[in-house]
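All remarks here apply to the structure that follows.
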Amino acid sequence: MHDVILSLASNRQQEQNLQEVRRRLGQILSDCFYSREIWTDPINSPRTDRYLNQLCQATTALSFDELTQALKTIEHDLGRTAADRQAGIVKADVDVLLFDGKRYHERDWDRIYVTSLIGDLKKNA
């Protein structure tokens, strides 16, 4: 089993989309623990829609590549498209921040949603 931390975000139908992301993650992850949700302002986006962000700490039997592909499928199934991305619409964004102790998306580790929420996960550990 692999230990993971994922970042979840949405700026369109935020509560509904994150709820569906969590439901889908429950199908591919074990021992899921979710941080609280926080609202953040967009960074480098053509839109002003606020983001709802959350972290997930879990374990998975999937390899890094298998997990990444599964997350892309979830995003796609929730309607994420390249055109929306260019327009700043993010129905669902799920990124691997940590996989078996290795950090990914290094810039995100300094963003307010990660620095604010990572403590929620440490409390659970």
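Both backbone and side-chain heavy atoms feed into the values below; hydrogens, waters and symmetry mates do not.
- Considering CG of L67 and CG of L29, their distance stands at 6.5 Å, rounded to 0.5 Å.
- Between Y51 and S10, the closest side-chain pair of non-hydrogen atoms is not below 4.5 Å.
- When all heavy atoms are compared, the tightest approach of S116 to I38 is CB-CD1, 3.9 Å.
- The only member of L121, L117, V114 that meets side-chain contact (heavy atoms from CB on, under 4.5 Å) when paired with I5 is L121.
- Proximity of L25 to L6: side-chain heavy atoms (C-beta onward) are separated by under 4.5 Å at one or more points.
- Side-chain contact between Y104 and K102: present, with at least one pair of heavy atoms (C-beta onward) separated by less than 4.5 Å.
- For the side-chain contact (heavy atoms from CB on, under 4.5 Å) with S35, the qualifying choice from I118, L55, L8 is L55, the only one to do so.
- R111 CZ to H105 NE2: the interatomic distance, rounded to the nearest 0.5 Å, is 10.5 Å.
- One side chain, Q54 or R22, offers a donor N or O that lies under 3.5 Å from an acceptor on the other.
- For N53 and T40, the side-chain atoms include at least one donor-acceptor pair closer than 3.5 Å.
- Inter-residue side-chain proximity for L97 and D108 is flagged as met; some heavy-atom pair is nearer than 4.5 Å.
- Listed here is the closest heavy atom pair of V21 and A92: CG2-CB, 4.0 Å.
- Side-chain atoms of D95 and L71, non-hydrogen and from C-beta on, never get closer than 4.5 Å to each other.
- Taking 4.5 Å as the limit, some side-chain heavy atom of T73 sits within range of a side-chain heavy atom of R24.
- Here the side chain of N11 pairs no donor or acceptor atom with the backbone of R50 at under 3.5 angstrom.
- Here NE2 of H2 is found 8.0 Å from CD of E66. Values are rounded to the nearest 0.5 Å.
- Between F64 and F99, the two ring planes are perpendicular [angle over 60°; tilted spans 30° to 60°].
- Taken from CZ in R85 to CD1 in I89, the straight-line distance is 13.5 Å, to the nearest 0.5 Å.
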